[in-house]
*Asks:* 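Here it is: the structure, laid out below.
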Amino acid sequence: MFSVLICDDSLVARKQVAKCLPDDWDVSIHFAKHGEDALEQIRVSKGQLLLLDLNMPVLDGYETLKHIQEEALPTRTIVISGDIQPKAHNRVLELGALDFIQKPVNAETLQSLLSKFDIYTKTDEPKKQLDGLDPQIRDCYQEISNIAMGQAGDHLARMLNVFVELPIPNVNLIEVSELHMMLTDIEEKESVSGICQGFVGPGVSGEALFILSDSGVGELAQILGIEGDIDDKTQLEVMMDAANILIGTCLNGLAEQLDMHFSQGHPVILGQHYNIRDLINTNKARWRRTLAIELSYGLEGFSVHCDLLLFITEESMKIMNAKLAHFMEDLA
């Protein structure tokens with residue numbers, strides 16, 4: 001069976017790319033969250049087609065393409081990235097990529113390229129349209145998320161005295177089944193710890209989920225000047241500090257742009273080294289359909305990587321859209 005490997009450090013982006021593959025295409029789909037992971041899978045024949053992001057931790061898209069060339073690995077690559085600089089486009093083509101698609105990925109564009117390079121032959125069956133966000137609305141939410149993410153990143157950078165890497169936010173309207181796939185993908189890849197915190201405003205409600213890879217907790221503690229053995233209690237304290245900064249600052253940044261106030265609930269510790277399925281089962285009814293905003297943070301020079309996921313109910317978007325009408329007019 002033909003295999004497709006989707007490589008992106010964003011949970012949301014990986015699942016959205018998978019959604020854009022043709023419905024009638026009989027393929028096995030694999031996921032990787034950075035280039036090193038992707039290369040390992042390609043070496044064992046997982047990934048005859050690689051759909052590759054550029055900005056990722058551990059090994060970015062450019063380095064991944066270099067390794068593919070040097071090792072003559074059996075894969076064909078299409079880059080999917082938010083970096084729209086002409087130099088980025090030209091560089092990936094020079095490194096052997098077939099083509100470049102701008103994020104957010106569009107099903108018709110992707111399918112057109114698959115046909116162009118004889119990777120997939122389109123059938124007469126019409127492609128089911130994605131029931132997602134209007135591009136103008138997505139751009140609007142991405143812009144306010146980008147501002148809020150920058151404020152939170154600045155706060156974290158000042159506290160830790162490090163450079164915080166800030167990729168482009170991912171914004172999509174997703175179903176609970178996609179949320180299930182998105183979150184369970186975490187536990188398949190590595191052990192994580194998480195904190196969930198609800199928030200409410202006038203006509204708006206949601207949940208903030210902070211996820212920190214266990215592999216980076218020790219380094220984060222060292223950056224904070226914590227000496228000695230890093231036990232579970234210390235790890236939990238470090239995680240709470242980071243979560244409080246990112247969740248609080250990010251929500252304040254969004255609230256300011258929405259001209260409203262968010263009240264935050266008590267943080268719920270999902271556990272360390274946690275199986276995340278329980279979170280989904282607990283919130284399945286409320287999160288039947290949700291606006292998902294994913295903000296990924298990395299610390300330059302360290303293996304510390306965390307995700308802040310904001311889940312906002314579809315009903316809340318009516319109020320938020322009204323508040324952001326001036327943004328949408330500017331984008332028109």
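For the single chain, residues carry numbers from 1 onward in sequence order.
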*Asks:* Check side chain to side chain contact (heavy atoms under 4.5 Å, CB included) between Val200 and all other residues, then give those that pass, not counting sequence neighbours.
*Replies:* Ser205, Ser263
*Asks:* How would you list, by chain and number, every residue that makes a ring-ring contact (aromatic ring centres under 6.0 Å, His included) with His67, sequence neighbours excluded?
*Replies:* none
*Asks:* Check Gln151 against Gly253 and note the closest heavy-atom contact, atom names and distance.
*Replies:* OE1-CA, 3.1 Å
*Asks:* Work out which heavy atom in Ala148 is nearest to a heavy atom in Gln257; give both atom names and the distance.
*Replies:* N-NE2, 4.0 Å
*Asks:* Has Asn146 got a side-chain atom pairing as donor or acceptor with Gln142's backbone, closer than 3.5 angstrom?
*Replies:* no
*Asks:* Quick one: list whatever passes side chain to side chain contact (heavy atoms under 4.5 Å, CB included) with Ala152, sequence neighbours left out.
*Replies:* Leu246, Thr249, Cys250, Tyr297
*Asks:* Using every non-hydrogen atom in the two residues, find where Arg14 and Ala32 come nearest and quote the distance to one decimal.
*Replies:* CD-O, 3.6 Å
*Asks:* Give every residue pair that meets the ring pair (Phe, Tyr, Trp, His ring centres under 6.0 Å) criterion with at least one member in residues 72-96, sequence neighbours excluded.
*Replies:* His89-Phe100
*Asks:* Please enumerate all residues that pass salt bridge (Lys or Arg N to Asp or Glu O under 4.0 Å) together with Lys116, with sequence neighbours excluded.
*Replies:* Asp99
*Asks:* Going by salt bridge (charged side-chain N to carboxylate O under 4.0 Å, His left out), name the pairs with one or both residues in residues 144-156, residues two or more places apart or in two chains.
*Replies:* Asp154-Arg158
*Asks:* As an exercise, state the distance from CG of Leu309 to CG of Asn170, rounded to the nearest 0.5 Å.
*Replies:* 10.0 Å
*Asks:* Any chance you could measure His30, atom NE2, to Cys7, atom SG, to the nearest 0.5 Å?
*Replies:* 13.5 Å
*Asks:* Please round to the nearest 0.5 Å and tell me the distance separating atom CD1 of Ile211 and atom CE of Met239.
*Replies:* 11.0 Å
*Asks:* Please step through side-chain hydrogen bond (donor to acceptor under 3.5 Å, both in side chains) for the pair Asp9 and Ser296, ending with a clear verdict.
*Replies:* CA-CA 8 Å; Asp9 62 322; Ser296 296; 4.5 Å; no
*Asks:* Out of curiosity, Cys196 SG to Leu209 CG, how far, rounded to the nearest 0.5 Å?
*Replies:* 5.5 Å
*Asks:* Quick one: salt bridge (Lys or Arg N to Asp or Glu O under 4.0 Å) partners of Arg43, sequence neighbours excluded?
*Replies:* Glu71
*Asks:* What closest approach, in Å, do Thr290 and Thr313 show between heavy atoms, and which atom pair accounts for it?
*Replies:* OG1-N, 4.4 Å
*Asks:* Would Met159 and Leu251 show up in the same hydrophobic cluster when neighbours are defined by side-chain heavy atoms closer than 4.5 Å?
*Replies:* yes
*Asks:* How long is the gap from CD1 on Ile312 to OH on Tyr141, to the nearest 0.5 Å?
*Replies:* 7.0 Å
*Asks:* Which residues pass the side chain to side chain contact (heavy atoms under 4.5 Å, CB included) test with Ala255, sequence neighbours left out?
*Replies:* Phe262
*Asks:* Could you pull out all residues at least two apart from Asp241 that satisfy side chain to side chain contact (heavy atoms under 4.5 Å, CB included)?
*Replies:* none
*Asks:* Side-chain donor-acceptor contacts of residues 47-62 below 3.5 Å, not counting sequence neighbours, with atom names and distances?
*Replies:*
{"from": "Gln48", "atom 1": "OE1", "to": "Ser3", "atom 2": "N", "distance (Å)": "2.8"}
{"from": "Asp60", "atom 1": "OD1", "to": "Tyr62", "atom 2": "N", "distance (Å)": "3.2"}
{"from": "Asp60", "atom 1": "OD1", "to": "Glu63", "atom 2": "N", "distance (Å)": "2.8"}

*Asks:* Decide salt bridge (charged side-chain N to carboxylate O under 4.0 Å, His left out) for Asp8 and Lys103; before the verdict, give the C-alpha distance in whole Å, the side-chain angles of both, and the deciding distance to 0.1 Å.
*Replies:* CA-CA 12 Å; Asp8 197 304; Lys103 283 186 177 181; 2.7 Å; yes
*Asks:* If you group Ile, Leu, Val, Met, Phe, Trp and Tyr by side-chain heavy-atom gaps below 4.5 Å, do Leu5 and Leu98 land in one group?
*Replies:* no
*Asks:* I'd like to know if the side chain of Gln197 and the backbone of Gln264 have a donor-acceptor N/O pair within less than 3.5 Å.
*Replies:* no
*Asks:* Using the salt bridge (charged side-chain N to carboxylate O under 4.0 Å, His left out) rule, collect all pairs that involve residues 248-265, keeping only residues at least two apart or in two chains.
*Replies:* none
*Asks:* Are Leu254 and Leu166 linked, directly or through intermediate hydrophobic residues, by side-chain heavy-atom contacts shorter than 4.5 Å (ILVMFWY only)?
*Replies:* yes
*Asks:* Hey, does the side chain of Glu300 reach the backbone of Val164 with a donor-acceptor pair shorter than 3.5 angstrom?
*Replies:* no
*Asks:* Between atom OG1 of Thr75 and atom CD of Gln41, what is the distance when rounded to the nearest 0.5 Å?
*Replies:* 11.0 Å
*Asks:* Take Thr109 and Ser112, measure what side-chain hydrogen bond (donor to acceptor under 3.5 Å, both in side chains) needs, and give me the verdict at the end.
*Replies:* CA-CA 5 Å; Thr109 300; Ser112 175; over 6 Å; no
*Asks:* Do Lys46's NZ or CZ and the ring of Phe31 fall within the cation-pi criteria of under 6.0 Å and 45°?
*Replies:* no
*Asks:* In this structure, would Leu212 and Ile293 fall into the same cluster of hydrophobic residues linked by side-chain contacts under 4.5 Å?
*Replies:* yes
*Asks:* Begin from the C-alpha positions of Tyr120 and Asp24 and carry the test side-chain hydrogen bond (donor to acceptor under 3.5 Å, both in side chains) through to its verdict.
*Replies:* CA-CA 10 Å; Tyr120 161 79; Asp24 61 348; 2.7 Å; yes
*Asks:* Which atoms form the tightest heavy-atom contact between Leu95 and Lys66, and what is the distance?
*Replies:* CD2-CG, 3.7 Å
*Asks:* Would you indicate whether the side-chain heavy atoms of Leu295 and Ser145 approach each other to under 4.5 Å?
*Replies:* yes
*Asks:* If you take all heavy atoms of Cys20 and Asn106, which pair is closest and at what distance?
*Replies:* SG-C, 4.2 Å
*Asks:* Measuring only between side-chain heavy atoms, which start at C-beta, is Met260 closer than 4.5 Å to Ile319?
*Replies:* yes
*Asks:* Tell me every residue that passes ring-ring contact (aromatic ring centres under 6.0 Å, His included) with Phe163, counting only those two or more places apart in sequence or in another chain.
*Replies:* none
*Asks:* Would Ile78 end up clustered with Leu65 when hydrophobic side chains under 4.5 Å apart are linked, directly or stepwise?
*Replies:* no
